[in-house]
Amino acid sequence: KALKCPKTSWPHQPPVYLQYELVQAGWSKCWSKRENRPYWFNRCTNQSMWEMPVLGQHDVISDPLGLNAASVEGAGDDGVGNRQRKRRLSEDAAQGGLNSFKRPKQDHIYFCQLSIEICCELIYLFWDMNTEYVCHCCYFRIYWDLDIQTNAVIRERAPANHLPPHPEIELQRAQLTTKLRQHYQELCYQREGIEPPRESFNRWLLERKVLDKGPDHLLPSDCDPIISRSMFREVMNDIPIRLSRIKYKEEARKLLFKYAEAAKKMIDSRNATPDSRKVVKWNAEDTINWLRRDHSASKEDYMDRLEHLRKQCGPHVTAVAKDSVEGICTKIYHISVEYVRRIRQAHQTLLKDCNFMEAAEVQDRLVYCYPVRLALPSPNQPRVELHFENDISCLRYKGEMVKVNRGYFAKLELLYRYSCIDDPRFEKFLSRIWCLIKRYQVMFGAGVNEGMGLQGALPVPVFEVLNKQFGVSFECFASPLNSYFKQFCSAFPDTDGFFGSRGPFLNFSPASGSFEANPPFCEELMDAMVTHFEELLEKSSELLSFIIFVPEWRDPLTPALNRMETSAFLRHHMSVPAFEHEYRSGSQHICKKEEMYYKAVHGTVIIFLQNDAGFTKWEPTPERIQELLAAYQVSQRTLGSPVPSSTSSAGAPGSSLGNPQGTERERLRALKTLHFFVDNFYAGHTYHRVVVAYRPIHHFHICS
């Protein structure tokens with residue numbers, strides 16, 4: 001098999017593979033950002049060319065990027081000798097086995113053409129040296145365990161009638177969704193003179209999909225009522241001005257003055273009743289006069305006065321702004337309906353030559369849950385280009401690039417292998433990954449850290465305890481990017497089903513199993529979730545348990561939290577204080593290691609809803625609860641979570657290197673992932689050469 005340089009390209013990137021002799025000569029395929037096209041580069045001679053090099057013609061080549069100009073003079077016999085010495089060392093090691101390995105001057109050891117068993121033995125051998133595992137120049141920071149089998153049981157179901165994803169359609173959907181966001185921003189500014197509330201559009205999408213019966217999985221098109229309570233509430237809260245958090249007295253004074261001025265101006269410019277006009281103007285003018293007279297008030301005095309002004313003027317301001325805000329909600333919804341019609345029409349045109357597959361007859365029987373299957377076969381996919389920039393995998397289609405960390409790219413390959421049944425040769429893999437990442441990127445917006453809180457996940461130690469103590473093997477609200485288990489529910493069955501999704505949870509009806517639910521913080525979605533939980537618990541007499549993590553919002557108390565705390569199926573509930581626990585970032589698939597975790601700014605309520613059988617099997621005893629709370633502590637994080645390098649040495653607090661049980665768990669997890677990379681990475685493409693380099697800085701480099 002032909003190989004490629006692991007630092008520049010994934011081994012299975014279609015369609016060009018460098019021959020083995022070219023790889024040995026130093027050639028690899030790279031991407032030119034300046035020219036926006038691929039080129040071939042020789043790391044030994046610093047030569048480059050646009051066309052793929054040919055054996056026997058290495059001496060007659062071009063240098064289009066000018067990479068050879070600065071280094072020809074410096075390439076002497078010393079460099080050639082070093083390269084030949086390294087090559088001889090690799091060949092000797094390949095022939096002589098483990099006994100012939102020698103440490104070169106560079107303190108590297110190359111093990112060539114070894115079996116996976118020998119590689120695993122090497123990891124065991126060097127484990128006590130506080131090593132970290134590196135695959136394709138990426139740390140084995142593993143935030144998932146895909147070997148846990150599910151205990152969720154469902155009734156067998158027929159393939160879904162969703163249209164299969166396609167990059168062309170996904171690109172059109174992304175463009176129209178961006179335009180819809182712009183329309184929303186313009187309407188808020190033109191009609192109310194305010195910026196749209198932060199992430200209110202994202203919550204509008206979540207709230208609408210609770211009610212939507214339309215064909216599109218992202219944009220709503222068939223909702224009743226058409227006016228969104230979520231969008232109406234959030235826009236109305238920012239009228240007449242947005243109230244921000246106050247730290248200092250001067251900020252409170254300015255905010256109070258702005259609110260009084262805005263309320264007075266608004267009531268004068270709208271069709272308000274005489275009584276409303278009189279009340280608002282009198283209170284606003286009284287507040288302004290008070291501000292001009294009293295300069296010795298404290299921050300608390302200003303905040304009390306602001307609260308009083310809002311109570312007096314708020315109902316009247318809401319009354320005059322109601323029609324305008326409802327018009328914003330209605331307009332956005334109707335534009336969305338039109339965009340869905342366009343997307344659907346283009347998608348059907350693209351798939352006009354596809355026919356529905358004849359699905360096997362579905363029997364009325366209980367089976368372990370399995371990923372969503374599509375009844376319509378996928379059409380031929382266009383080419384999606386893949387290249388790597390350090391630790392980031394970049395996928396490009398028609399100039400639109402999406403990015404994902406290399407470790408998460410490998411995770412998606414694992415999920416695809418486990419879940420996809422219609423693409424054994426991975427011919428559609430890159431295009432489906434592009435559609436998947438683009439969908440989530442568009443859903444949560446392009447702003448800095450926008451939407452990341454809606455995708456936050458629990459820390460790895462918490463998942464480990466949930467699985468060990470309560471048999472949890474399924475996530476009710478996740479995605480292929482942030483899931484811990486390989487079985488989960490997610491928002492988009494058409495793109496996520498190829499990567500293990502069981503579809504939206506509100507359409508998922510398990511008969512038994514133990515589940516974890518950490519829903520996006522949307523009040524309407526959480527309320528619908530509670531309704532679904534109670535219906536499932538009432539119908540099933542089998543083992544059924546739900547462990548729910550929701551924010552502790554008590555001012556005012558959310559309907560979902562109130563219903564769960566008074567539910568007949570409540571077995572236990574507890575609170576974790578704010579700033580004393582963490583969540584994994586919603587951008588974990590692309591963020592830096594030091595940004596992987598963030599502290600929760602609000603308390604989290606953990607609620608156990610179980611039927612009698614589930615309570616008997618997974619009772620939340622004090623010992624189990626204590627272990628769960630201990631896993632939430634920041635200092636208890638293991639190597640599965642990123643920690644600063646200064647604290648990751650042996651014996652550091654929270655490090656699993658000094659913990660034999662944690663060490664064994666991390667070792668086995670690394671070995672499982674290593675086994676996949678080396679022995680069973682890609683259907684039809686088996687590794688023929690494995691290089692394990694041991695460096696003095698105690699890092700393993702597993703390359704192909």
Side-chain angles (χ1 to χ4, degrees), residues 150-165 203-224 230 340 344 347 356 359 362-376 415 419 435-436 439-440 443 454-455 473-480 482-483 485-520 522-540 542 544-546 548 560 609:
T150 184
N151 56 19
V153 175
I154 62 172
R155 293 206 170 272
E156 191 173 358
R157 53 187 179 179
N161 294 328
H162 308 308
L163 299 183
R203 282 184 286 270
W204 174 74
L205 290 175
L206 292 172
E207 183 259 354
R208 291 285 85 186
K209 298 314 291 183
V210 173
L211 304 173
D212 186 43
K213 300 177 181 177
D216 196 87
H217 297 288
L218 179 61
L219 296 176
S221 60
D222 185 8
C223 299
D224 184 24
S230 172
V340 170
R344 184 77 174 178
H347 209 161
F356 279 89
V362 177
Q363 304 179 18
D364 185 16
R365 59 176 180 173
L366 294 175
V367 296
Y368 285 111
C369 67
Y370 53 90
V372 172
R373 310 296 187 201
L374 301 185
L376 193 66
L415 289 172
S419 306
C435 292
L436 167 76
R439 178 76 62 86
Y440 282 97
M443 179 180 184
L454 298 175
Q455 295 188 86
S473 64
F474 194 103
E475 296 170 76
C476 298
F477 298 92
S479 74
N482 70 0
S483 66
F485 305 108
K486 65 182 176 184
Q487 45 274 341
F488 56 89
C489 282
S490 66
F492 309 121
D494 57 333
T495 57
D496 300 358
F498 301 110
F499 300 91
S501 173
R502 273 58 172 169
F505 179 71
L506 298 182
N507 298 333
F508 183 74
S509 300
S512 69
S514 184
F515 302 84
E516 175 269 347
N518 178 29
C522 169
E523 293 186 25
E524 290 76 14
L525 177 59
M526 290 191 289
D527 196 42
M529 171 196 72
V530 177
T531 301
H532 192 52
F533 283 158
E534 293 185 336
E535 290 176 353
L536 294 174
L537 290 167
E538 287 177 358
K539 289 192 302 183
S540 177
E542 302 295 329
L544 196 56
S545 171
F546 297 99
I548 306 106
L609 299 182

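Remember, it's a predicted structure, so these values are computed and weren't measured experimentally.
- In this structure, E156 CD and Y368 OH are separated by 15.0 Å, a value rounded to the nearest 0.5 Å.
- If you take CG on L415 and OG on S483, they are separated by 5.5 Å, rounding to the nearest 0.5 Å.
- In terms of heavy-atom proximity, N518 sits nearest to F477 at O-CB, 3.8 Å.
- Ring geometry for H217 versus H162: interplanar angle over 60°, hence perpendicular rather than tilted (30 to 60°).
- Nearest heavy atoms, P220 versus V340: O-CG2, 4.0 Å.
- The structure places CZ of R439 at 12.5 Å from OG of S479, a figure rounded to the nearest 0.5 Å.
- Between the side chain of Q487 and the backbone N or O of S473, at least one donor-acceptor pair lies under 3.5 Å.
- Under a 4.0 Å N-O distance rule, the pair D216/R344 does not qualify as a salt bridge.
- The minimum heavy-atom distance linking L205 with L218 is given by the pair CD2-O, 3.6 Å.
- A pairwise comparison of heavy atoms in Y370 and V367 identifies CE2-CG2, 3.8 Å as the closest pair.
- Not one N or O on the side chain of N507 forms a donor-acceptor pair closer than 3.5 Å with the backbone of P504.
- Within the 3.5 Å criterion, the main-chain N or O of L536 finds no donor-acceptor partner in the side chain of S540.
- Rounded to the nearest 0.5 angstrom, L206 CG and M443 CE are separated by 4.0 Å.
- Across all non-hydrogen atoms, the minimal contact from M529 to P519 is SD-CG, 3.7 Å.
- A donor-acceptor pair under 3.5 Å is absent between the side-chain atoms of D222 and the main chain of D212, judged by distance alone.
- With a 4.5 Å cut-off on side-chain heavy atoms, L436 and F492 do not count as touching.
- Checked by atom type and distance alone, the side chain of S419 pairs as donor or acceptor with a backbone atom of G500 at under 3.5 Å.
- Remark: the backbone N or O of P164 is paired with a side-chain donor or acceptor of H347 at under 3.5 angstrom.
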Between D496 and S501, is the side chain to side chain donor-acceptor pair (under 3.5 Å) condition met? List the steps.
CA-CA 5 Å; D496 300 358; S501 173; 4.8 Å; no
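- Residues L366 and R155 are in side-chain contact: their nearest non-hydrogen atoms beyond the backbone lie under 4.5 Å apart.
- Without hydrogens or angle criteria, E475 side chain to F485 main chain gives a donor-acceptor distance under 3.5 Å.
- Contact of the N151 side chain with the S512 side chain is not registered, since no non-hydrogen atoms from C-beta on lie closer than 4.5 Å.
- The distance from the SG atom of C223 to the CZ atom of R208 is 4.5 Å, given to the nearest 0.5 Å.
- Residues I154 and F508 meet the side-chain proximity criterion, which asks for heavy atoms closer than 4.5 Å.
- Residues R502 and R157 meet the side-chain proximity criterion, which asks for heavy atoms closer than 4.5 Å.
- Distance OH/Y440 to OG/S490: 4.0 Å, rounded to 0.5 Å.
- Side-chain contact between L163 and D494: absent, with no pair of heavy atoms (C-beta onward) separated by less than 4.5 Å.
- When ring centroids are compared, F533 and F505 come within the 6.0 Å threshold.
- Closest approach of N161 to A375, counting heavy atoms only: OD1-CB, 3.7 Å.
- Contact annotation: the side chain of D224 never approaches that of L211 to less than 4.5 Å [non-hydrogen atoms, C-beta and beyond].
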